[in-house]
Asker: 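A single structure is presented below for examination.
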Amino acid sequence: MGNFKQALRSIDAFPRAEDHLLQKTKSGAFVSIVGLVIMATLFVHELTYYLSTNTVHQMSVDLKRGETLPIHINMTFPSLPCDVLSVDAIDMSGKHEVDLDTNIWKLRLNHNGQIIGTEYLNDLVEKGHVNHSHGHDDHNDHHEESDHKVKLHNLDEEAEDMIKKVKHAMANGEGCRVYGVLDVQRVAGNFHISVHGLNIFVAQMIFEGSSHVNVSHIIHDLSFGPKYPGIENPLDGTSRILHGSSGTFKYYIKIVPTEYKYISKEVLPTNQFSVTEYFSPIREHDRAWPAVYFLYDLSPITVTIREERRSFLHFITRLCAVLGGTFALTGMLDRWMYRLVEALTKPNSRSIVR
């Protein structure tokens with residue numbers, strides 16, 4: 001039995017020395033304080049790392065069908081009054097979405113950008129696209145000669161009042177802010193904001209030529225669904241101000257369907273996108289009218305972003321590694337400092353005895 005106890009004591013990895021044999025030094029106290037500070041810092045870092053979430057990206061084929069695509073718009077046109085602005089949405093087949101479930105507002109702005117009026121647009125998407133065409137489609141850049149035979153004196157009183165109102169607003173430097181949501185079919189298409197909703201002769205009397213239509217704009221927000229943590233919409237904050245002749249802006253957008261899965265298992269369906277920009281100037285005698293186009297196409301690939309939290313065992317393993325490593329390192333430093341101090345003080349003590 002005694003041999004067994006002796007053998008058991010021999011495998012003790014943590015031998016104890018008697019208290020009166022322990023020697024405490026100032027250098028050891030300094031190393032201990034430094035070690036505690038390092039271990040506390042590493043512990044906080046590892047705890048923060050464990051509590052933070054990690055995102056994992058996966059790609060798969062997009063299998064969604066029959067859903068709508070929400071388009072969130074928030075733009076300012078500092079040089080165009082709200083009365084002349086309209087929105088048109090067209091899908092890849094050329095069909096006009098005239099009965100969209102829209103929720104769009106226009107805010108009248110003065111020359112300082114302050115709001116002076118609000119208008120709800122229950123029919124923002126223009127109707128009669130062909131009849132009111134201002135050459136904003138690439139295949140409709142020219143008008144029929146019969147359209148030009150319409151006399152200006154045939155304009156009704158309502159149109160004349162509108163012309164006076166718009167000219168007065170432009171003289172006062174009014175602008176317009178358009179914001180809201182368009183729900184369109186989940187197919188390739190485009191939407192644009194312009195003066196295409198006006199009768200061509202009314203527009204001609206207001207602006208005296210397409211080259212005088214200033215489509216300067218500021219994109220505060222343009223997105224295709226709700227925002228998730230870390231998303232970056234490349235057009236947010238875009239400012240395009242024209243100081244000379246006007247032109248047409250075209251933004252070619254590639255939409256990537258995206259699902260964001262929170263750590264709580266909640267799924268947020270949305271979209272992210274990339275964009276390429278193109279500007280085409282308008283000449284004095286061009287029949288096309290300026291506009292701001294957003295031409296979008298959908299990717300066949302869906303990106304799934306999933307939040308994950310690291311396992312508790314992984315946290316314990318890393319914690320033991322950093323704390324144990326710090327303790328071992330400070331122990332080595334303590335021994336080295338003790339031997340250095342001892343080597344420096346021993347010759348001095350010998351010389352004093354002599």
Side-chain angles (χ1 to χ4, degrees), residues 75-90 94 96 98 104 106 108-111 117 119 121 123-178 190-217 240-250 278-294:
M75 298 178 61
T76 294
F77 290 82
S79 302
L80 289 176
C82 289
D83 290 324
V84 301
L85 285 177
S86 64
V87 171
D88 193 7
I90 309 173
H96 297 162
V98 297
I104 300 293
K106 288 195 296 187
R108 292 176 55 205
L109 307 176
N110 60 16
H111 63 280
E119 179 183 356
L121 303 183
D123 191 17
L124 183 63
V125 180
E126 66 170 302
K127 302 181 181 180
H129 174 79
V130 177
N131 294 334
H132 294 169
S133 174
H134 286 181
H136 54 285
D137 189 85
D138 293 338
H139 303 287
N140 294 316
D141 288 339
H142 301 285
H143 302 288
E144 298 294 336
E145 291 297 327
S146 59
D147 290 340
H148 292 278
K149 295 180 181 180
V150 178
K151 302 300 182 182
L152 293 180
H153 66 264
N154 290 335
L155 295 174
D156 55 19
E157 184 178 351
E158 182 179 354
E160 293 179 355
D161 292 340
M162 179 183 178
I163 293 173
K164 294 179 181 179
K165 180 181 178 181
V166 172
K167 284 189 174 182
H168 182 266
M170 293 179 63
N172 292 333
E174 277 194 25
C176 186
R177 184 164 184 168
V178 180
N190 77 78
F191 71 96
H192 55 272
I193 304 176
S194 62
V195 298
H196 297 157
L198 295 175
N199 180 285
I200 184 173
F201 298 104
V202 173
Q204 192 72 31
M205 292 189 67
I206 293 175
F207 297 103
E208 300 177 357
S210 60
S211 61
H212 299 147
V213 180
N214 191 338
V215 291
S216 297
H217 59 279
R240 298 292 180 264
I241 306 299
L242 298 175
H243 300 285
S245 61
S246 188
T248 296
F249 291 90
K250 292 185 178 181
Y278 176 74
F279 175 73
S280 176
I282 297 291
R283 299 177 181 86
E284 186 68 28
H285 300 291
D286 285 350
R287 294 183 178 180
W289 287 74
V292 180
Y293 281 86
F294 298 92

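What's counted below: heavy atoms across the whole structure, side chains too, no hydrogens, waters or symmetry copies.
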Asker: Check side-chain hydrogen bond (donor to acceptor under 3.5 Å, both in side chains) between His168 and all other residues, then give those that pass, not counting sequence neighbours.
Answerer: Asn172
Asker: Looking only at non-hydrogen atoms, find the nearest pair between Ala291 and His196 and report the distance.
Answerer: CB-CE1, 3.6 Å
Asker: How close do Ile193 and Met75 get, heavy atom to heavy atom, and via which atoms?
Answerer: CD1-SD, 3.8 Å
Asker: Between atom NZ of Lys167 and atom CE of Met205, what is the distance when rounded to the nearest 0.5 Å?
Answerer: 6.0 Å
Asker: If I take atom OG from residue Ser246 and atom CZ from residue Arg283, how far apart are they, to the nearest 0.5 angstrom?
Answerer: 13.0 Å
Asker: Looking only at heavy atoms, which two atoms of Leu85 and Lys106 are closest? And how far apart?
Answerer: O-NZ, 3.4 Å
Asker: Rounded to the nearest 0.5 Å, what separates atom CD in Glu174 from atom CG in Leu109?
Answerer: 8.5 Å
Asker: Would you sort out whether Phe279 and Leu242 count as a side-chain contact (heavy atoms from CB on, under 4.5 Å), showing the intermediate values?
Answerer: CA-CA 11 Å; Phe279 175 73; Leu242 298 175; 4.0 Å; yes
Asker: Between Ile104 and Val87, is a side-chain contact (heavy atoms from CB on, under 4.5 Å) present by the stated rule, with each step listed?
Answerer: CA-CA 10 Å; Ile104 300 293; Val87 171; 5.8 Å; no
Asker: What heavy-atom pair brings His217 and Val292 nearest, and what distance separates the two atoms?
Answerer: ND1-CG2, 3.6 Å
Asker: Which pair of heavy atoms, one from Thr248 and one from Pro290, lies closest together, and at what distance?
Answerer: OG1-CA, 3.6 Å
Asker: Any side-chain heavy-atom pair from Gln204 and Trp289 closer than 4.5 angstrom?
Answerer: yes
Asker: Check whether any side-chain heavy atom of Val84 sits under 4.5 Å from a side-chain heavy atom of Phe77, and report yes or no.
Answerer: no
Asker: When rounded to the nearest 0.5 angstrom, what distance separates CD1 in Ile163 from CD1 in Ile206?
Answerer: 5.5 Å
Asker: Could you tell me which residues satisfy side-chain hydrogen bond (donor to acceptor under 3.5 Å, both in side chains) with Ser216, sequence neighbours excluded, listed by chain and number?
Answerer: Asn214
Asker: Could you walk me through whether Val215 and Ser194 pass side-chain contact (heavy atoms from CB on, under 4.5 Å), step by step?
Answerer: CA-CA 8 Å; Val215 291; Ser194 62; 5.9 Å; no
Asker: What are the two closest non-hydrogen atoms of Arg177 and Cys82, and how far apart are they?
Answerer: N-SG, 4.5 Å
